Number of protein chains: 2
Amino acid sequence: MKAKPQIVKAGPRSQAIDPLLQGAITPAGTPSPEAVQKAGAACVRRLPAYLQLLRVLQGEGHEHVSGTVLASTHNLEPVIVRKDLAVTGISGTPRLGFRVTELIAAIEAFLGWNNQTKAVLVGVGNLGTALLGYRGFENLGLRIAGAFDSDPKLIGTWVQGRHVQSMPKLPPFARRLGITLGVLTVPVAAAQEAADLMVRAGILGIWNFTPVKLQIPDGVVVQKEDLAEGLAVLSHRLRHSRS
Amino acid sequence: MKAKPQIVKAGPRSQAIDPLLQGAITPAGTPSPEAVQKAGAACVRRLPAYLQLLRVLQGEGHEHVSGTVLASTHNLEPVIVRKDLAVTGISGTPRLGFRVTELIAAIEAFLGWNNQTKAVLVGVGNLGTALLGYRGFENLGLRIAGAFDSDPKLIGTWVQGRHVQSMPKLPPFARRLGITLGVLTVPVAAAQEAADLMVRAGILGIWNFTPVKLQIPDGVVVQKEDLAEGLAVLSHRLRHSRS
DNA sequence: TATATATCGATATATAGTTCTCGATAGATG
DNA sequence: CATCTATCGAGAACTATATATCGATATATA
Ligand SMILES: NC(=O)c1ccc[n+]([C@@H]2O[C@H](COP(=O)([O-])OP(=O)(O)OC[C@H]3O[C@@H](n4cnc5c(N)ncnc54)[C@H](O)[C@@H]3O)[C@@H](O)[C@H]2O)c1
Ligand SMILES: NC(=O)c1ccc[n+]([C@@H]2O[C@H](COP(=O)([O-])OP(=O)(O)OC[C@H]3O[C@@H](n4cnc5c(N)ncnc54)[C@H](O)[C@@H]3O)[C@@H](O)[C@H]2O)c1
C-alpha cells in the first residue's frame, strides 16, 4: 500500500511552497504536475464518485454545483470535497460553486481518463466475461482491446463481441498496439504465470482481480481488486452496528 | 539523519500456489468483543489477504508462520501484520510465529466467516451471473441463497444453478430464510428502487456493486464496491510512477 | 448602492493509521 | 548449561487523513 521511498527525503516543506504561489492557472483540464504529485490515495478514490454525479448533473442541465451539494449526496463533509477538488487545479466561485463541465474535464484530465487507454484482458471466464460486457468503462477512460485465454475451447470464439485469442498471441498483440494495461481475471493457480506473461509483453499496469499477491518487478504497477476486502468490511460493520 | 537500514527481507518466493486450498473446517475461535470494537478499517481490509495466504500455507503442511513471512509476501511491514493479528486475540510465540490453524480460525471468527451467511442477489446480468458462479465465496462465509431479477425472460430460468425469482418474491423469501445480506447488481437506473425493496425485505447489509450512492435509512449498512475507485488509483499511479 | 449570505479556500486541530524503537522470550546453537 | 537470535508485543513518534474554524468574496436582494 505504501511504497517504500528509495531516496531519503530532504526538506519536507522546502520546495513545496513556490508552486502553490505560482498558481499557474493552467487551461481548464490541465492539472499542474505538482498538485498531481501530492494527491493522496483517499482523495483519488473519491474523484470517480464526484465524476459520476457531475455527469448526472450535466445531463440535467446544471451549470454550476457547490461543494456542499456534492458532499451531501455522498455523505461527506463539504470541506473534504473542496480539498479533493483542489488537486485538479479548479477554482470555484463563492455562492455559485464550481462549473460542472469544467470540473468534469479537470477530473478526467487528472486521472488521464480524457483519452481512452487500451487494455488487454486475460482470463475470459465468469468475471472476465462480465468485465468485457461492461459498457461503463468508456466513461472511465478504458477500452479493452483484446481478450486472451488458454482454454482451447474458448480460443477463436467471440465473447461480448471480442475475439478470444491464445496466450502466445498476447505479447505481439500488446506490443503492436502499444498496450500497457492488463486486466487479470484468471483462476488463482494461473495468476502468477499470466502476470509474468503480461510483464514480458510490456504491460506496465496490472488490474488484478485475483486474490493473489503477485510477484512483480519494479516499474510495474499492480492494483489488486480483492472482493474479500469489501466483504470483510461489510461483515465487520454488520456484526457491530447493533450492539 | 539516520540512514534507513535496508531490511533484510526473508523473501521466500512462495508462489507455489496450491490450487486446492481447502480448510474450511474450523473449530470456532472466539475473539474478544473489546478487540473487535477497536479494529480499524485498514486492518479489517488486510485480514482476508492474510487468510488467503494462511490457507495456502496450511495446504502445504506448515504448522507455524511468522509475522515476518506474512509481511514480506504482501509487501507490508512486519509490525503492521502483528498489530493486525492482535485484534483477533491470538498470541504468537517468539522464534516460531503463529499457529496457522489457530490463526485461520481466529480471523474467520473475527469476521464472522466461520458460519456461512446467507444472502440474496438482485440483478442477474453480466456481473450478477459472474458472482453467482463464483465458488470463492464459500471461503468468505457467504452463500448466495436466492437470485432475483425483474426481467420476465429471466424469471423462472436457472442461472449458475440458481432459480431466478421475480422481485415481489424477494421480501417473503428473505423473511422466511432470515436473510439479512443483499448483493446489488442491477443497472444504475434501478439501483435505488431495488435497494428500497431490499430494505423493506428486512435486509440489514447491502453489498452495492453499482456506482450509485444509495439513500438508505439508518441501521442498514451499505458497502459500495466501486470499480472506478480502483481504476482511478491505478491510472493515477501509472501516470506518476515514471517521472 | 448597501447589506446579507452561501460558498470558497486556507489554516488549525483531531483522529486514524503507519513506522520506529526496544525490552522480553522461547527455542536454537554449541 | 550459557549464549545467541528471530520473533513477539507494547508504546512512542511520525504521517496521512478527516474535521473544525474563520476570513474573503461574489452574487442576490433590499
Ligand atoms: N467470478 C467472480 O465473481 C469473481 C469474483 C471475485 C474474484 N474473482 C477472481 O477472478 C478470477 C477468475 O474468476 P472466474 O470466476 O471468472 O473464473 P473462471 O474459471 O470462470 O474463469 C477463468 C478463466 O481463465 C482461463 N484460464 C485458466 N488458466 C489460464 C491461463 N494460464 N492463462 C490464461 N487463461 C487461463 C480459463 O480458461 C477461464 O476461462 C479468479 O481468480 C477469482 O478468484 C472472481
Ligand atoms: N458488468 C460489469 O463488469 C460491471 C462492473 C462494475 C460495475 N458494474 C455495475 O453492476 C451493475 C450491473 O451491471 P451489469 O453489467 O451486470 O448489467 P446488466 O444489464 O448485464 O444486468 C443488470 C440486470 O439487472 C436486471 N434489472 C434491471 N432492472 C431491475 C430492477 N428494477 N429490479 C431487478 N432487476 C433489474 C436486468 O434484468 C439485468 O438482468 C451496474 O450498475 C454496473 O454499473 C458492472
Side-chain angles (χ1 to χ4, degrees), chain A residues 1-5 8-9 11-13 16-17 19-21 23 25 35 37-47 62-72 74-100 102-103 106 229 233 236, chain B residues 1-12 35 37-47 50 63-72 74-100 102-103 106 229 233:
Chain A
M1 205 129 301
K2 195 74 186 117
K4 185 167 300 176
V8 178
K9 54 182 84 168
R13 296 281 175 266
I17 298 168
L20 279 177
L21 289 182
I25 301 305
Q37 288 290 6
K38 68 171 182 175
C43 160
V44 173
R45 300 187 77 91
R46 281 187 296 261
L47 291 179
H62 292 75
E63 203 166 331
H64 290 88
V65 61
S66 70
T68 314
V69 170
L70 283 174
S72 68
H74 284 293
N75 285 359
L76 295 170
E77 295 298 319
V79 199
I80 292 190
V81 176
R82 292 202 298 270
K83 263 209 160 103
D84 288 345
L85 298 185
V87 305
T88 68
I90 292 297
S91 293
T93 62
R95 258 195 103 89
L96 279 186
F98 303 85
R99 288 184 51 82
V100 172
E102 194 181 23
L103 249 192
E229 289 185 11
V233 175
H236 184 250
Chain B
M1 293 281 288
K2 57 213 160 212
K4 183 172 294 181
Q6 274 295 9
I7 301 170
V8 184
K9 295 205 169 183
Q37 287 291 5
K38 68 173 181 176
C43 160
V44 173
R45 298 187 79 89
R46 283 188 295 261
L47 290 179
Y50 303 144
E63 204 166 329
H64 290 88
V65 61
S66 70
T68 314
V69 169
L70 283 175
S72 68
H74 284 293
N75 286 0
L76 295 170
E77 296 299 319
V79 199
I80 292 192
V81 176
R82 292 203 299 268
K83 267 208 154 95
D84 288 346
L85 298 185
V87 305
T88 67
I90 292 297
S91 293
T93 61
R95 263 196 98 92
L96 278 185
F98 302 85
R99 287 183 50 83
V100 172
E102 193 182 23
L103 250 192
E229 289 185 10
V233 175

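All values below come from the heavy atoms of this structure, side chains included, with hydrogens, waters and symmetry mates left out. In what follows, chains are A, B, ... by sequence order, proteins preceding strands, each numbered from 1. Since we're looking at a predicted model, the values are computed, not measured.
We find that CG of Leu85(B) is positioned 13 Å from P of dA10(D), with the value rounded to whole Å. If you measure from atom CD of Glu102(A) to atom P of dC8(C), you get 13 Å, rounded to the nearest angstrom. Rounded to an integer number of Å, the gap from CG of Leu76(A) to P of dA20(D) is 13 Å. What separates CG of Asp84(A) from P of dC8(C) is a distance of 13 Å, to the nearest Å. Residue Glu77(A) contributes atom CD, which lies 13 Å from atom C1' of dT17(D) at whole-angstrom precision. For the pair Ile80(A) CD1 and dA12(C) P, the interatomic distance rounds to 19 Å; values are reported in whole Å. Atom C1' of nucleotide dA16(C) and atom CZ of Arg46(B) are separated by 12 Å, given to the nearest angstrom. Atom NE2 in His64(A) sits about 18 Å away from atom P in dA6(C), given to the nearest Å.
The minimum heavy-atom distance between Ala71(A) and Glu77(A), with the atom names listed, is CB-C, 3.8 Å. Closest approach of Val100(A) and His64(A) over heavy atoms only: CG2-C, 3.8 Å.
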Would you tabulate the pairs of protein nitrogen or oxygen atoms and nucleotide nitrogen or oxygen atoms of nucleotides 24-30 of chain C closer than 3.5 angstrom?
| unit_1 | atom_1 | unit_2 | atom_2 | d |
| --- | --- | --- | --- | --- |
| dG27(C) | N2 | Arg95(B) | NH1 | 3.4 |

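Checking the phosphate oxygens (OP1, OP2) of dG9(C), no side-chain nitrogen or oxygen of Arg82(A) falls inside 4.0 Å. The phosphate of dC8(C) has neither OP1 nor OP2 within less than 4.0 Å of any side-chain N or O from Ser66(A).
Residue contacts for Arg45(B): at a heavy-atom cut-off of 4.0 Å it reaches no nucleic acid atom on any strand shown.
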For DNA chain D, the dot-bracket pattern of Watson-Crick and G-U pairs whose distances stay under 3.5 Å, | for other-strand partners: ||||||||||||||||||||||||||||||
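In terms of position on DNA chain C, the residue among Lys83(A) and Phe98(A) whose nearest nucleotide sits closer to the 5' end is Phe98(A). Map Ala42(A) and Val79(A) each onto its nearest nucleotide of DNA chain D; the residue landing nearer the 5' end is Ala42(A).
Separating the CD atom in Glu63(A) from the CD atom in Glu102(A) is a distance of 11.0 Å, to the nearest 0.5 Å.
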Contacts under 3.5 angstrom, residues 79-86 of chain A side chains, donor-acceptor by atom type, not counting sequence neighbours:
| unit_1 | atom_1 | unit_2 | atom_2 | d |
| --- | --- | --- | --- | --- |
| Asp84(A) | OD1 | Arg46(A) | NH2 | 3.1 |
| Asp84(A) | OD2 | Arg46(A) | NE | 2.6 |
| Asp84(A) | OD2 | Arg46(A) | NH2 | 3.3 |
| Asp84(A) | OD2 | Tyr50(A) | OH | 2.7 |

